[in-house]
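What follows is a single structure, written as structure tokens, with notes after it.
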There are 2 protein chains.
Amino acid sequence: MGDVAEAVGVSKTTISRYLHGEYAYMSSETKAKIEQVIRELGYRPNRMAQGLKATVSHMVGVSIADVGNPFSSLLIKGMQEECRARDVQLLVCDANNRPELECANIESLLDAQVDGLIVNTVGNNDAWLADFHGRKNRKPVVMLDRIMTPPTYDSVSSDNAGAVRSMLDHLASRGFDHVAFVTKPGDGISTRTTRRIAFEEYMGAHSMDGDVLVYDSDAHDLADRIKELLDAHGAEKVCLFANNEESMRDVLEATSAQTRERIGICAFADEQWAKYSGFGITCLDQNPVLMGRTAARKLFSRVYDGAKNPCSVDEIPTRLCVFASTQI
Amino acid sequence: MGDVAEAVGVSKTTISRYLHGEYAYMSSETKAKIEQVIRELGYRPNRMAQGLKATVSHMVGVSIADVGNPFSSLLIKGMQEECRARDVQLLVCDANNRPELECANIESLLDAQVDGLIVNTVGNNDAWLADFHGRKNRKPVVMLDRIMTPPTYDSVSSDNAGAVRSMLDHLASRGFDHVAFVTKPGDGISTRTTRRIAFEEYMGAHSMDGDVLVYDSDAHDLADRIKELLDAHGAEKVCLFANNEESMRDVLEATSAQTRERIGICAFADEQWAKYSGFGITCLDQNPVLMGRTAARKLFSRVYDGAKNPCSVDEIPTRLCVFASTQI
DNA sequence: CTGTTAGCGCATTCAA
DNA sequence: TTGAATGCGCTAACAG
């Protein structure tokens with residue numbers, strides 16, 4: 001900036017003013033001259049230096065439970081769209097499904113002077129996150145996909161309960177007698193628990209028969225559990241309802257093609273994926289891009305627009321996509 | 001930092017020294033005192049301010065052609081692993097498959113004072129990228145997955161040619177007479193071109209019959225093209241070889257289940273995806289996590305370890321995963 | 001309309 | 001062993 005000022009023959013202040021569009025306090029000749037010199041020198045302001053002075057850095061931090069997950073990548077896509085519009089940079093960290101890393105990520109991001117945080121928590125980290133809320137110079141946080149109860153922060157998630165109900169309505173209409181909700185242990189991950197509870201409530205309220213099948217990471221274990229289930233309910237029309245794509249893959253791994261032909265299967269899963277898996281798997285397609293966008297918007301309104309409203313939870317609707325797997 | 005200095009009763013210089021581990025110039029009492037006060041106050045150094053002084057910011061920028069792509073998210077996963085080890089932050093931008101955005105991203109990242117860049121180019125941007133190489137204060141760049149010819153920058157890609165050959169060897173061993181390589185137009189994207197050329201060379205060198213089926217984004221168009229192909233080669237054992245997951249989905253969309261039972265199909269695709277698509281699709285599984293790691297390592301060695309070696313291209317091997325779709 | 005001054009949080013001489 | 005002084009690139013009073 002000094003170089004530009006010198007070349008034009010004015011002070012740095014004037015250059016600074018030019019950069020901020022304060023043309024009113026400036027002769028049109030100097031303005032033109034500055035414009036020209038900046039182009040010639042290819043000058044671009046240093047955002048770090050700006051951030052050092054200002055109270056904002058135009059950077060927001062993101063900690064993702066597992067960036068390798070396709071769902072996560074779509075969350076990021078959504079955030080990016082908003083970031084582009086506001087000219088803010090996204091600092092992305094991966095927590096690799098480990099709470100310690102999530103904490104470390106957040107601390108590092110704060111060191112980098114981010115203006116706010118979007119957290120897709122790994123789960124089992126609510127205590128630390130709640131504690132963080134009590135810090136003096138805390139930065140705004142938006143929880144994404146996986147949320148806390150009560151919602152200490154602004155949050156964005158899918159309408160998980162509604163999604164579960166719409167799937168069960170569909171299964172009922174297709175004449176299924178028994179539905180098993182297949183999931184890994186809750187592990188403090190809100191989506192799993194929310195869906196499971198919605199499932200159990202629906203079962204309680206309707207005359208549908210069903211149970212929850214919690215399995216450990218070992219797919220071998222799952223195969224036995226499914227066999228037991230089918231032994232017990234062999235005569236009925238059974239459907240396996242997987243909590244997510246991972247569990248759906250575990251179900252596919254644990255069942256033979258013959259088995260899959262005589263039972264129904266469905267899952268929370270991306271339509272693109274589900275449509276071509278097997279003969280097509282009926283799924284609840286979430287809207288991760290919209291979720292990411294919404295989270296970014298909420299954060300920006302608080303950080304850059306000074307919104308002071310109490311924190312709220314946005315639930316993004318899901319879409320039921322019916323394919324061959326529930327048509328038996 | 002001033003607060004800490006005051007509380008301890010020393011100057012900021014001493015605190016700075018403490019933070020950099022220069023304990024030699026310090027009485028053990030002051031050291032202990034500093035340690036304590038820092039903990040009490042929860043002081044953490046401001047990386048922006050450090051970056052303003054130092055020549056490095058401990059941030060690297062990434063521009064991804066399409067962050068929504070699962071492949072991309074695994075590239076990022078790999079980078080993150082290296083970033084964690086070196087304590088550097090990743091600034092991630094999405095180019096949304098548009099060259100203008102890629103350029104804008106890179107400029108923005110430089111404004112943020114990143115120490116270097118990893119670019120997964122959208123394609124058709126080689127001229128700008130080459131021009132960028134000529135800039136005075138250019139920062140180091142590593143091209144990832146999609147590379148330039150000649151390689152102006154350090155680059156990391158899959159061993160695309162080798163992968164194509166291994167797939168064609170496999171198809172030959174399975175007795176296929178005719179193979180069609182299905183791809184969207186090249187569009188300046190190196191992977192597409194490299195694979196296509198490897199395909200054509202193999203066909204030329206072996207007595208295998210085949211052709212390249214370039215289709216536009218419209219899957220309808222593709223259905224007609226495939227029909228023509230099968231009309232012409234109906235008597236032979238035909239295989240469709242898709243350039244990537246997207247084209248594979250387009251092939252699935254464009255063919256009926258009956259058709260798929262009498263032809264072979266295969267693709268460059270993630271094993272997780274391919275294994276459960278249809279009856280299982282034979283695929284070339286790349287190693288995006290390793291690619292991301294490798295790119296980050298190359299960048300870091302240049303940026304932080306002062307490596308001066310000429311730029312090089314690393315080719316990461318792929319893995320052939322055979323499933324039912326090539327067993328007809 | 002324009003410039004002077006001071007300072008953001010830190011690292012680095014140089015001196016003591 | 002420690003500290004004072006200077007400046008990184010930029011912004012924001014406050015003066016003219």
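Below, read A as the first sequence line, B as the second, and so on, with proteins coming before strands; counting in each chain starts at 1.
- Between the side chain of B:K77 and the main chain of B:P288, no donor-acceptor pair closer than 3.5 Å is present.
- The phosphate of D:dT1 (OP1 or OP2) has no side-chain N or O of B:Y18 nearer than 4.0 angstrom.
- Checked by atom type and distance alone, the side chain of B:D115 pairs as donor or acceptor with a backbone atom of B:S57 at under 3.5 Å.
- Positionally, the nearest nucleotide of DNA chain C for B:K53 lies more toward the 5' end than for the other of B:R17 and B:K53.
- Nearest-nucleotide assignment on DNA chain D puts the 5′-proximal partner with B:S11, out of A:R47 and B:S11.
- Nearest nucleotide to the B:H20 side chain, out of C:dA11, C:dT2, D:dG3: C:dA11.
- Using a 4.0 Å heavy-atom criterion, one finds that B:A54 contacts no nucleic acid atom at all.
- Residue-to-nucleotide contacts include a donor-acceptor pair under 3.5 Å from the side chain of B:T13 to the base of D:dA4.
- In terms of position on DNA chain D, the residue among A:L52 and B:V10 whose nearest nucleotide sits closer to the 5' end is B:V10.
- OP1 or OP2 of D:dT2 lies within a sub-4.0 Å distance of a side-chain N or O belonging to B:S27.
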### Task
Applying salt bridge (charged side-chain N to carboxylate O under 4.0 Å, His left out), run through A:E107 and A:R135 and close with a yes or a no.
CA-CA 12 Å; A:E107 301 285 14; A:R135 284 202 200 169; 2.6 Å; yes

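- Remark: A:Q50 is in phosphate contact with D:dT11, judged by side-chain N or O atoms under 4.0 Å from OP1 or OP2.
- Within 4.0 Å (heavy atoms only), B:M1 reaches sugar-phosphate atoms of the nucleic acid but no base atom.
- An OP1 or OP2 oxygen of D:dT2 is reached within less than 4.0 angstrom by no side-chain nitrogen or oxygen of B:Y23.
- For the pair B:S16 and C:dT12, the criterion of a side-chain N or O lying under 4.0 Å from OP1 or OP2 is not met.
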### Message
If you apply the rule salt bridge (charged side-chain N to carboxylate O under 4.0 Å, His left out), what do you find for A:R297 with A:D154, and how did you get there?
### Response
CA-CA 11 Å; A:R297 290 179 106 105; A:D154 275 327; over 6 Å; no

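- Residue A:L19 contributes atom CG, which lies 10 Å from atom C1' of D:dC10 at whole-angstrom precision.
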